[in-house]
Amino acid sequence: MNNDICMFGLTKSGKTSMIRVIFQKLEIFRTFQLDPTNRMESVTVNLGSHIHFKIYEFSGHYDLNDSQPPEIAAMETCSLMIYVIDSQAEPFNEAVQYLRQAIQTVKQRSPHCECHCFIHKVDPDIEDNKKNELLQQIQKDISDELSKNSMSQIKVDFHVTSIFDHSYLEHFSKVIQRILPYSQSIQTLLDSFNLSCKIEKSFLFEIYSKLYLASDSQHFHSTNFQLCSEMIDVFIDVTCIYGKLDDAGQSQIKLSDGSILIYQTVNEGISLISILKSENLERPFLLEYNINQFRQGLAQIFKIK
């Protein structure tokens with residue numbers, strides 16, 4: 001099954017920055033020093049030992065009417081297209097037109113490819129109503145452009161992101177999950193785990209990229225994701241100082257509201273991070289038993305898929 005990703009966007013839209021920060025751990029302040037991408041580049045992504053795909057990043061001035069064999073081959077393997085728009089680069093006419101052209105080109109090579117648009121570089125501090133106004137404006141511009149070109153049937157999912165908060169990780173995670181064949185199976189497993197242990201929320205993270213591969217079916221606020229994502233940094237810092245905490249790779253943090261964050265390694269490079277109320281941790285042996293059950297269930301899902 002084709003499960004690679006193509007990334008498009010005008011020069012300086014933020015494509016390279018996201019890839020380098022997420023998958024190559026470039027420090028955010030160094031993204032300002034990156035040179036523009038001048039040709040198609042590929043990054044091989046390995047999330048844990050079971051998830052593998054490639055991301056093809058196309059230059060911001062790539063001529064969509066002059067695709068060469070390597071670029072055509074890349075598009076043919078893609079099941080997802082991510083288009084990045086710099087939210088601070090108004091007017092958006094050129095970006096919107098290039099998006100439409102990119103969709104046309106990719107769809108010719110991979111008709112079932114999903115289309116996602118990252119409205120990027122949005123100031124994390126602006127009010128929600130301003131973000132919504134920006135989102136609605138770009139959505140309308142893109143909808144009008146697609147309709148003008150008899151492409152109104154094309155579905156585009158929108159994501160508002162910034163590299164200066166956790167939104168880029170949260171939304172990149174959601175996109176990645178679209179190419180994972182077992183996300184629904186893991187979600188069902190997480191729901192069962194939460195029910196057994198009275199857990200409030202659980203995420204399954206790949207710890208190097210800090211992308212979450214699945215969560216339970218309960219709606220969550222971005223704050224929950226941020227807490228769990230930051231737990232990975234705490235665990236890594238403590239491990240660097242004291243060495244591996246135990247053979248299972250487990251850690252707990254009590255929050256100011258009385259909730260507890262539990263970090264548990266469950267597979268190579270993959271950790272389960274859960275939020276629960278302290279009163280529901282009265283029988284830790286039961287939690288440990290259910291974590292082991294989850295670990296076995298996850299291993300079985302990976303084995304089958």
Compare all side-chain heavy atoms of Leu298 with those of Ile186 and state whether any distance is below 4.5 angstrom. yes
Solution key, residues 224-232 side-chain donor-acceptor pairs under 3.5 Å, sequence neighbours excluded:
{"residue": "Gln226", "atom": "NE2", "partner": "Glu230", "partner atom": "OE2", "Å": "3.2"}

Is the closest side-chain heavy-atom distance between Lys201 and Ser215 below 4.5 Å? yes
Between Arg39 and Thr37, is there a side-chain heavy-atom distance shorter than 4.5 Å? no
Near-ring test Phe220/Phe203, centroid separation under 6.0 angstrom: yes
Using a distance-only test with no angle check, is there a side-chain donor-acceptor pair under 3.5 angstrom linking Asp86 and Ser13? no
Cluster overlap Val45 with Ile19, hydrophobic side-chain contacts below 4.5 Å: yes
For Thr161 and Tyr168, test the side chains for any donor-to-acceptor distance below 3.5 angstrom and give the result as yes or no. no
Lys210 charged N/C atom sitting above Phe205 aromatic ring, 6.0 Å / 45°: no
Ser67 side chain reached by Thr105 side chain, heavy atoms, under 4.5 Å: yes
Is the shortest heavy-atom distance from the side chain of Ile207 to the side chain of Ile270 under 4.5 Å? no
Taking the six-membered ring for Trp, are Phe58 and Phe8 ring centroids under 6.0 Å apart? yes
Distance-only side-chain donor-acceptor flag, Gln68 / Asp66, under 3.5 Å: yes
Could you check whether Gln187 and Gln184, counting side-chain N and O atoms only, form a donor-acceptor pair closer than 3.5 Å? yes
In a table with atom names and distances, give each donor-acceptor pair under 3.5 Å that connects a side chain of residues 27-36 to protein atoms at least two apart or in another chain.
{"residue": "Glu27", "atom": "OE1", "partner": "Arg30", "partner atom": "NE", "Å": "3.1"}
{"residue": "Thr31", "atom": "OG1", "partner": "Ile28", "partner atom": "O", "Å": "2.7"}

Answer with yes or no after comparing the ring centroid distance for Phe118 and Tyr83 against a 6.0 Å cut-off, counting only values under it. no
For atom CD of Gln137, is the number of surrounding heavy atoms from other residues, nucleotides or ligands below 6.0 Å larger than 12? yes
Go through the steps for Ile142 and Ile85 under the test side chain to side chain contact (heavy atoms under 4.5 Å, CB included), then give the verdict. CA-CA 11 Å; Ile142 291 173; Ile85 291 181; 4.1 Å; yes
Going by distance alone, is a donor N or O of one side chain under 3.5 Å from an acceptor N or O of the other, for Glu206 and Ser209? yes
Taking C-beta and beyond as the side chain, do Tyr263 and Ile253 meet within less than 4.5 Å on heavy atoms? no
Would you check if there is a donor-acceptor pair between the side chains of Asp216 and Ser202 at a distance under 3.5 Å? no
Mind listing the closest non-hydrogen atom pair of Ser259 and Ile275 along with its distance? CB-CG2, 4.2 Å
Do Ser42 and Glu57 meet the criterion of a side-chain donor-acceptor pair at a distance under 3.5 Å? no
Any donor-acceptor N or O pair under 3.5 Å, side chains Glu71, Tyr62: yes
Is the closest side-chain heavy-atom distance between Glu200 and Gln218 below 4.5 Å? no
